[in-house]
Asker: 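Handing you this structure, nothing more for now.
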Amino acid sequence: MRPDIVIESALGTHLFSGGTGKGREWLKAHFKEGKCEWVGKFLSVDDEDDARDLADAALADGLDVME
């Protein structure tokens with residue numbers, strides 16, 4: 001089973017990607033201008049607290065998240 005959202009960290013940046021269609025749609029709906037940006041297929045979040053908030057919100061909405 002694939003996770004809905006995959007989070008990877010590289011050089012202090014957190015990269016969120018949708019592992020499923022449900023995860024991709026959720027990320028698109030929760031994109032916040034100024035707090036994150038799209039880099040190719042990844043949603044890039046530089047701030048640790050913002051990344052944690054986004055991951056926690058996904059979990060609260062019942063998505064499967066893999067870090």
Side-chain angles (χ1 to χ4, degrees):
M1 185 169 152
R2 295 176 60 182
D4 295 310
I5 295 177
V6 177
I7 305 170
E8 300 175 52
S9 296
L11 302 171
T13 298
H14 305 279
L15 302 171
F16 290 73
S17 62
T20 64
K22 180 180 175 181
R24 286 186 290 278
E25 290 302 314
W26 190 92
L27 287 172
K28 288 177 187 175
H30 287 80
F31 169 74
K32 293 183 180 170
E33 189 74 42
K35 291 195 176 217
C36 49
E37 65 180 274
W38 287 103
V39 179
K41 67 175 188 170
F42 297 98
L43 186 61
S44 173
V45 181
D46 291 329
D47 184 77
E48 179 75 30
D49 291 332
D50 290 339
R52 177 57 39 210
D53 290 345
L54 190 60
D56 289 345
L59 288 168
D61 284 346
L63 277 78
D64 182 33
V65 177
M66 181 178 83
E67 295 186 50

Asker: Can you tell me how far the CG atom of Asp61 sits from the NE2 atom of His30, to the nearest 0.5 Å?
Answerer: 5.0 Å
Asker: Sequence neighbours left out, cut at 3.5 Å: what donor-acceptor pairs do the side chains of residues 39-47 make with other protein atoms?
Answerer:
| residue | atom | partner | partner atom | Å |
| --- | --- | --- | --- | --- |
| Asp46 | OD1 | Thr13 | OG1 | 3.0 |
| Asp47 | OD2 | Asp49 | N | 3.1 |
| Asp47 | OD2 | Asp50 | N | 2.9 |

Asker: List for me each residue that meets side chain to side chain donor-acceptor pair (under 3.5 Å) alongside Thr20, sequence neighbours excluded, and say none if there are none.
Answerer: Asp4
Asker: List in chain and number order the residues that pass side chain to side chain contact (heavy atoms under 4.5 Å, CB included) with Ala58, two or more places apart in sequence or in another chain; answer none if no residue qualifies.
Answerer: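 For Ala58, the residues satisfying side chain to side chain contact (heavy atoms under 4.5 Å, CB included) (neighbours in sequence not counted) are Ile5, Trp26, Leu63, Val65.
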Asker: I need the Arg2 CZ to Lys22 NZ distance, nearest 0.5 Å.
Answerer: 14.0 Å
Asker: Could you identify which residues cluster with Met66, counting Ile, Leu, Val, Met, Phe, Trp and Tyr as linked when any side-chain heavy atoms lie under 4.5 Å apart, either directly or through a chain of such contacts?
Answerer: Val6
Asker: What residues form a side chain to side chain donor-acceptor pair (under 3.5 Å) with Glu37, not counting sequence neighbours?
Answerer: none
Asker: Output all residues satisfying salt bridge (charged side-chain N to carboxylate O under 4.0 Å, His left out) with Glu48, sequence neighbours left out; order by chain, then residue number.
Answerer: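 Glu48: no salt bridge (charged side-chain N to carboxylate O under 4.0 Å, His left out) contacts found.
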Asker: On a heavy-atom basis, which atom in His14 and which in Ser9 lie closest, and how many Å separate them?
Answerer: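 Minimum heavy-atom contact is ND1-OG, 3.0 Å.
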